[in-house]
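Here the structure is a predicted model, which means the values were calculated and not measured. The chain is numbered in sequence order, starting from 1.
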Amino acid sequence: MREASVILSSTITCPICRFEAVEVMPTDACQHFYDCRGCGAVLRPKPGDCCVFCSYGTVPCPPVQVQRGSAVKHV
């Protein structure tokens, strides 16, 4: 069995204008700010979330994926 893989892309949806953008997530840090390309709003994580991907993305950030064990496992 090989080590679990981490999903590196996530679609962020702005809660203000609903603009969606596919972004590559950093693997070694949480991203605390994101500038919406639709309306220019600066997104910050919701209380209790570590980063904008965990709050507004379709996939949580890589560190959270590993912590939760939700990384895709290859056999």
Side-chain angles (χ1 to χ4, degrees):
M1 184 188 290
R2 292 180 4 203
E3 191 174 314
S5 295
V6 174
I7 299 168
L8 297 179
S9 64
S10 182
T11 301
I12 286 189
T13 302
C14 177
I16 298 166
C17 72
R18 307 308 295 167
F19 183 83
E20 295 182 353
V22 177
E23 301 289 351
V24 176
M25 298 181 281
T27 58
D28 59 348
C30 292
Q31 187 168 330
H32 299 284
F33 301 99
Y34 178 80
D35 295 322
C36 174
R37 290 188 263 152
C39 67
V42 177
L43 305 183
R44 292 174 179 83
K46 294 177 184 177
D49 286 342
C50 67
C51 71
V52 293
F53 292 105
C54 290
S55 292
Y56 307 108
T58 55
V59 178
C61 68
V64 169
Q65 289 180 53
V66 171
Q67 180 184 23
R68 291 182 184 167
S70 59
V72 178
K73 295 185 179 179
H74 296 280
V75 177

Minimal non-hydrogen separation, Ile7 against Pro62, with atom names: O-CG, 4.2 Å

Ser55 side chain reached by Leu43 side chain, heavy atoms, under 4.5 Å: no

Heavy-atom closest contact (Cys61 atom, Phe53 atom, distance): N-CB, 4.2 Å

Taking distance alone, no hydrogens or angles, what donor-acceptor pairs closer than 3.5 Å link side-chain atoms of residues 12-20 to residues at least two apart or in another chain?
none

Atom pair CD (Gln65) and CG (Leu8), whose distance is rounded to the nearest 0.5 Å: 7.5 Å

With sequence neighbours excluded, residues passing side chain to side chain contact (heavy atoms under 4.5 Å, CB included) with Thr58: Ser10, Thr11

Nearest atoms (heavy-atom pairs only) where Cys54 meets Cys50: SG-SG, 3.7 Å

Where Gln31 and Phe33 come nearest, the two heavy atoms and their spacing: NE2-O, 3.0 Å

Glu23: partners by salt bridge (charged side-chain N to carboxylate O under 4.0 Å, His left out), with sequence neighbours left out: Arg37

Tyr56 side chain vs Arg44 backbone, donor-acceptor pair below 3.5 Å: yes

